[in-house]
Amino acid sequence: MDELANIIEKYTDDYIQEHICSLEKLNIFAAIFYKDVAEIYDCITRVRNVELYPSGYSLDDAPIIGLLIKVWKLLKEIVAYYEKDNAEIISILERPLVESAITASYLIKSDSKVIEDYRKISYKDRLRILRELKKGNAFFESKAGSRLLKSVREKLELEGFDENSFKEQKKNRWKLQGKNFFEIFKEVEDEKLYTSTFGMMSESIHASWNDSLDWCLYRNEDNTFDPFPFYHPPDIRFLTTTLIFCNRPYKLWLNHIGITEKYLMDILQWVEDINSILYVHFDKLYGSDHG
């Protein structure tokens, strides 16, 4: 608790008002705030109800906490690139960040059968490794191949799975409950947000033409193109919307593991409140004419 108190104590009304009066100060403030939010999320993943979980999390809960840890790790990296004025790399990191957060929210709201399905679909390529072994692939006779094979077998043994445990997953084409990500997204968030957030973020992963237009090319007046070898600077729009997706699963997680301290929920609500202040004041300062 002291660790969290130390993080937020500097956010007095005077401090906030001082840093929302200009775009330059607002962006500096945002970088500090997002870095602190990542630390808050880090702290929350280290809170455990020892009465319910005396030695650690079961296979039903470990996938969720694993995703929440991934969220704050990615957020810390995003903040580092925010400070380096590198919006392009942020756009690449945001997609797995949002996918991890949405999936965590979905799993928290699901039962153990769904969570088992989530674990099983991750074995798609690992089962291919076992099939390649049976075909006599010489790679598995090497040290690297032996280590990989050992890892796959150990994981299957841990969960009590074998090669015949995945009939439903094969039937569903290795999709969680047979759903694509948009179907999962709209079960936990407003589906109207999908296109402008996760949908467009996917372009950075799939090397789309529009992604190159946005980040890597300069368009000349005659509609020819030259290389753009620099990085574009980000602003707070890269994280204000994303943070909404991130905050929700941490709230759900605290309820899920029976943490009743109001202080922790209040801090997560504080994150949303400050994030909203940042967005509103950025919009006022930037002006609607600039997009």
Side-chain angles (χ1 to χ4, degrees), residues 27 30-31 34 38 66-106 118 121-129 132 139 144 148 169-170 172-246 249 290-291:
N27 277 308
Y34 294 133
L67 288 169
L68 295 179
I69 291 168
K70 184 174 183 178
V71 167
W72 67 249
K73 285 183 175 180
L74 285 169
L75 184 56
K76 287 184 179 183
E77 291 302 310
I78 287 171
V79 172
Y81 282 103
Y82 191 98
E83 293 174 327
K84 294 177 181 178
D85 273 347
N86 191 333
E88 184 175 351
I89 302 303
I90 290 174
S91 72
I92 294 170
L93 294 173
E94 277 195 315
R95 184 183 186 268
L97 173 74
V98 171
E99 188 163 358
S100 297
I102 295 294
T103 303
S105 293
Y106 180 77
Y118 169 76
I121 60 175
S122 71
Y123 284 93
K124 176 183 177 182
D125 290 312
R126 288 167 176 81
L127 292 179
R128 185 174 287 118
I129 288 171
E132 289 294 319
F139 169 70
L148 180 58
Q169 287 66 44
K170 292 175 182 177
N172 288 333
R173 301 177 64 84
W174 300 96
K175 294 179 180 179
L176 180 57
Q177 297 295 284
K179 301 173 183 177
N180 60 38
F181 187 72
F182 173 65
E183 292 170 320
I184 292 171
F185 184 99
K186 68 183 182 181
E187 289 194 28
V188 296
E189 297 290 349
D190 183 351
E191 66 179 272
K192 295 174 184 175
L193 295 173
Y194 180 88
T195 301
S196 59
T197 56
F198 187 84
M200 292 185 68
M201 288 174 188
S202 300
E203 293 183 355
S204 64
I205 303 298
H206 300 306
S208 79
W209 164 236
N210 267 280
D211 185 66
S212 292
L213 282 174
D214 289 341
W215 304 110
C216 302
L217 295 170
Y218 177 82
R219 188 171 71 180
N220 300 311
E221 290 184 2
D222 64 354
N223 286 332
T224 60
F225 298 90
D226 280 324
F228 186 85
F230 311 104
Y231 292 115
H232 294 270
D235 59 50
I236 70 168
R237 288 174 293 183
F238 276 83
L239 278 166
T240 49
T241 303
T242 302
L243 213 62
I244 296 172
F245 302 140
C246 295
H290 292 79

Query raised in the report: Listed by chain and number, what are the side chain to side chain donor-acceptor pair (under 3.5 Å) partners of Tyr123, not counting sequence neighbours?
Result: Glu159

Report summary line: What one should report as the nearest heavy-atom pair of Pro249 and Ala104 is CB-CB, 4.0 Å

Query raised in the report: Does the pair Val188 and Phe245 meet the rule for a side chain to side chain contact (heavy atoms under 4.5 Å, CB included), with working shown?
Result: CA-CA 9 Å; Val188 296; Phe245 302 140; over 6 Å; no

Query raised in the report: Rounded to the nearest 0.5 Å, how far apart are CG of Leu148 and CD1 of Ile129?
Result: 4.0 Å

Query raised in the report: Can you tell me how far the CG atom of Leu176 sits from the OH atom of Tyr118, to the nearest 0.5 Å?
Result: 8.5 Å

Query raised in the report: Who pairs with Phe228 by ring-ring contact (aromatic ring centres under 6.0 Å, His included), at least two apart in sequence or on another chain?
Result: Phe230, His232

**Report entry** Tyr218/Thr224 under side chain to side chain contact (heavy atoms under 4.5 Å, CB included): CA gap, chis, key distance, verdict
**Finding:** CA-CA 8 Å; Tyr218 177 82; Thr224 60; over 6 Å; no

Requested in this report: Please lay out, stage by stage, how Lys175 and Glu183 fare under the test side chain to side chain contact (heavy atoms under 4.5 Å, CB included).
Outcome: CA-CA 11 Å; Lys175 294 179 180 179; Glu183 292 170 320; over 6 Å; no

**Report entry** Nearest heavy atoms of Gln177 and Asn172, plus distance in Å
**Finding:** C-ND2, 4.1 Å

Query - Contacts of type ring-ring contact (aromatic ring centres under 6.0 Å, His included), residue Tyr194, not counting sequence neighbours - result: Phe182, Phe185, Phe198

Requested in this report: Quick one: pull up CD in Glu99 and CG in Leu74 and give me the separation to the nearest 0.5 Å.
Outcome: 11.0 Å

Requested in this report: Could you name each residue pair satisfying salt bridge (Lys or Arg N to Asp or Glu O under 4.0 Å) that touches residues 190-204, not counting sequence neighbours?
Outcome: none

Report task. Write down the atom of Trp72, the atom of Ala38, and the distance for their closest heavy-atom approach. Result -> CB-O, 3.7 Å

Requested in this report: Using modelled atom types only, decide if a donor and an acceptor are shared between the side chain of Glu189 and the backbone of Lys186 within a distance under 3.5 Å.
Outcome: no

**Report entry** Selection residues 76-88 - residue pairs positive for salt bridge (Lys or Arg N to Asp or Glu O under 4.0 Å), sequence neighbours left out
**Finding:** Lys35-Glu83, Glu39-Lys76, Asp42-Lys76

Query raised in the report: When rounded to the nearest 0.5 angstrom, what distance separates OH in Tyr34 from CG in Leu75?
Result: 9.5 Å

Requested in this report: Identify the two heavy atoms, one from Val79 and one from Ala31, that lie closest to each other, and give their separation to 0.1 Å.
Outcome: CG1-O, 3.8 Å

Query raised in the report: Which pairs pass salt bridge (Lys or Arg N to Asp or Glu O under 4.0 Å) with one or both residues in residues 204-228, sequence neighbours excluded?
Result: none

Query raised in the report: Does the gap between the ring centers of Trp209 and Phe225 come in under 6.0 Å?
Result: yes

Report summary line: CD1 of Ile102 to CG of Leu97, rounded to nearest 0.5 Å, is 10.0 Å

Query raised in the report: Is the OH atom of Tyr231 crowded by more than 12 outside heavy atoms at less than 6.0 Å?
Result: no

Report summary line: Interatomic distance, OG1@Thr103 vs CG@Leu68, rounded to 0.5 Å, equals 11.0 Å

Query raised in the report: So, for Arg95 and Ile205, which heavy atoms are closest and what is the spacing to 0.1 Å?
Result: CD-CG1, 3.1 Å

Query raised in the report: Side chain of Asn220, backbone of Asn223: donor and acceptor closer than 3.5 Å?
Result: no

**Report entry** Minimum heavy-atom distance between Ile92 and Ser204, given as atom pair plus value
**Finding:** CA-OG, 3.6 Å

